[in-house]
Amino acid sequence: MTIDASVHRGGDEPGRSVPAASLHVKNLLGIADLGADDITLLLDTAVAMKEVGSRAIKKVPALRGKTVVNLFFEPSTRTRTSFEVAEKRLSADTLNIAASTSSVTKGETLVDTALNLEAMAPDMIVLRHASSGACHLLSRVCRSRVINAGDGMHEHPTQALLDAFTIREHKGRLAGLKVAIVGDLLHSRVLRSNLLLLTRMGADVWVSGPTTLIPPGVERFGVRATWRIEEAVEGADVIMMLRIQRERMQGHFFPSLREYFTVFGLTAARARLAKPDVIIMHPGPMNRGVEIASDVADGPYSVILEQVANGVAVRMAVLYLLAGGVMEGV
Ligand code: CP
């Protein structure tokens with residue numbers, strides 16, 4: 001399928017070009033399905049999309065006539081709004097459905113909800129769900145393209161893509177960088193998607209957290225694990241902090257939040273162990289004083305709000321390419 005792919009400045013002035021290519025997948029269910037060429041295409045396309053966001057008129061007709069349903073069964077601030085902004089910038093018609101205001105509260109299943117929405121002929125469904133695998137299930141019953149906006153503890157592919165985009169903007173590459181990912185590794189879909197993406201693109205990835213929160217066998221991803229945050233961040237080009245996901249925890253994994261911060265929190269002193277030009281990342285939502293000190297989160301090395309801004313460009317790229325966009329004359 002090829003859509004009207006012209007992403008013109010203000011509607012008639014040509015902008016930058018990237019090579020014509022298409023993704024090897026029909027849906028974005030996880031980074032696990034993407035090759036290095038898909039990831040590079042998505043990141044390169046996001047560069048062009050970011051330029052669209054810098055124009056006086058931040059709107060292009062690429063998805064005119066397409067309908068996108070944003071179906072969120074879990075809370076979200078960044079991902080939901082970012083997808084909606086991305087869809088509007090591409091001129092798609094958008095529908096936002098939150099589980100709390102839908103007939104899910106009356107007992108309707110995910111599949112029935114999706115099939116009823118499908119009856120209205122949307123082109124794409126963006127799904128966030130508490131169950132790992134929910135997006136795969138939807139992709140088997142729906143004709144629409146399915147985009148994973150976070151499924152349980154499984155994957156959050158657009159988060160990993162926007163993280164990679166932000167790293168690439170600062171460092172010019174992913175290969176060979178030391179990336180330290182620290183926090184609640186066990187419950188994190190952001191971790192899994194980032195491990196898949198960063199190792200596929202040649203980064204040297206270290207993970208750190210309490211031993212109770214390090215997934216058994218995580219080394220199989222081709223990463224190094226340590227409970228000593230100092231070892232993980234030493235000489236790092238990138239430090240990515242992850243939130244303690246208390247909503248997914250059953251039982252106690254560490255004595256108290258205060259002790260967690262003392263042993264595993266990113267303080268300015270620990271950040272100084274990294275490279276002098278380190279960038280500090282966090283997918284949000286952030287718990288200040290738990291996994292990261294406020295002066296670090298707001299400090300000169302933090303790119304946390306850049307990640308949010310880049311999320312729009314990356315999600316525009318995902319929507320555009322899944323809709324069949326070919327970046328010619330962009
Ligand atoms: N990073 C992220 O997924 O944030 P939200 O839960 O607010 O969407």
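For ligands, and for the atoms within them, numbers begin at 1 and follow the listed sequence.
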Exercise. Hey, what's the ring geometry for Phe73 with His129, parallel, tilted or perpendicular (30° and 60° as the breaks)?
Worked result: tilted
Exercise. Do you reckon Leu29 sits in the same ILVMFWY cluster as Leu197, going by side-chain contacts under 4.5 Å, direct or chained?
Worked result: no
Seminar exercise, completed: ligand 1 to Gly284, heavy atom cutoff 4.0 Å, flagged ligand atoms 1 (N), 2 (C), 4 (O)
Exercise. So between Pro285, Ala149, Pro283, whose heavy atom ends up nearest atom 1 (N) of ligand 1?
Worked result: Pro283
For this session: Could you tell me whether Glu231 and Arg224 have a side-chain N and a carboxylate O separated by less than 4.0 Å?
Result: no
Problem set entry | Heteroatom proximity flag, Arg80 to ligand 1, N/O under 3.5 Å | no
For this session: Answer yes or no: is there a donor N or O on one side and an acceptor on the other, between the side chain of Arg315 and the main chain of Val85, under 3.5 Å?
Result: no
Problem set entry | Option set Glu74, Arg78, Arg128, criterion heavy-atom distance to atom 6 (O) of ligand 1, minimum | Arg128
Exercise. Which of the atoms in ligand 1, numbered in the order shown and given with their element, are less than 4.0 Å from a heavy-atom of Thr77?
Worked result: 5 (P), 7 (O), 8 (O)
Seminar exercise, completed: Under 4.0 Å from one or more heavy atoms of Thr79, ligand 1 contributes atoms 2 (C), 3 (O), 4 (O), 5 (P), 8 (O)
For this session: Measure the distances from the heavy atoms of Gly150 to every atom of ligand 1 and state whether one is below 4.0 angstrom.
Result: no
Exercise. If you measure from the Lys or Arg side-chain nitrogens to the Asp or Glu carboxylate oxygens, is any gap between Arg288 and Asp298 under 4.0 Å?
Worked result: yes
Exercise. Ring centres of Phe165 and His170 under 6.0 Å apart?
Worked result: no
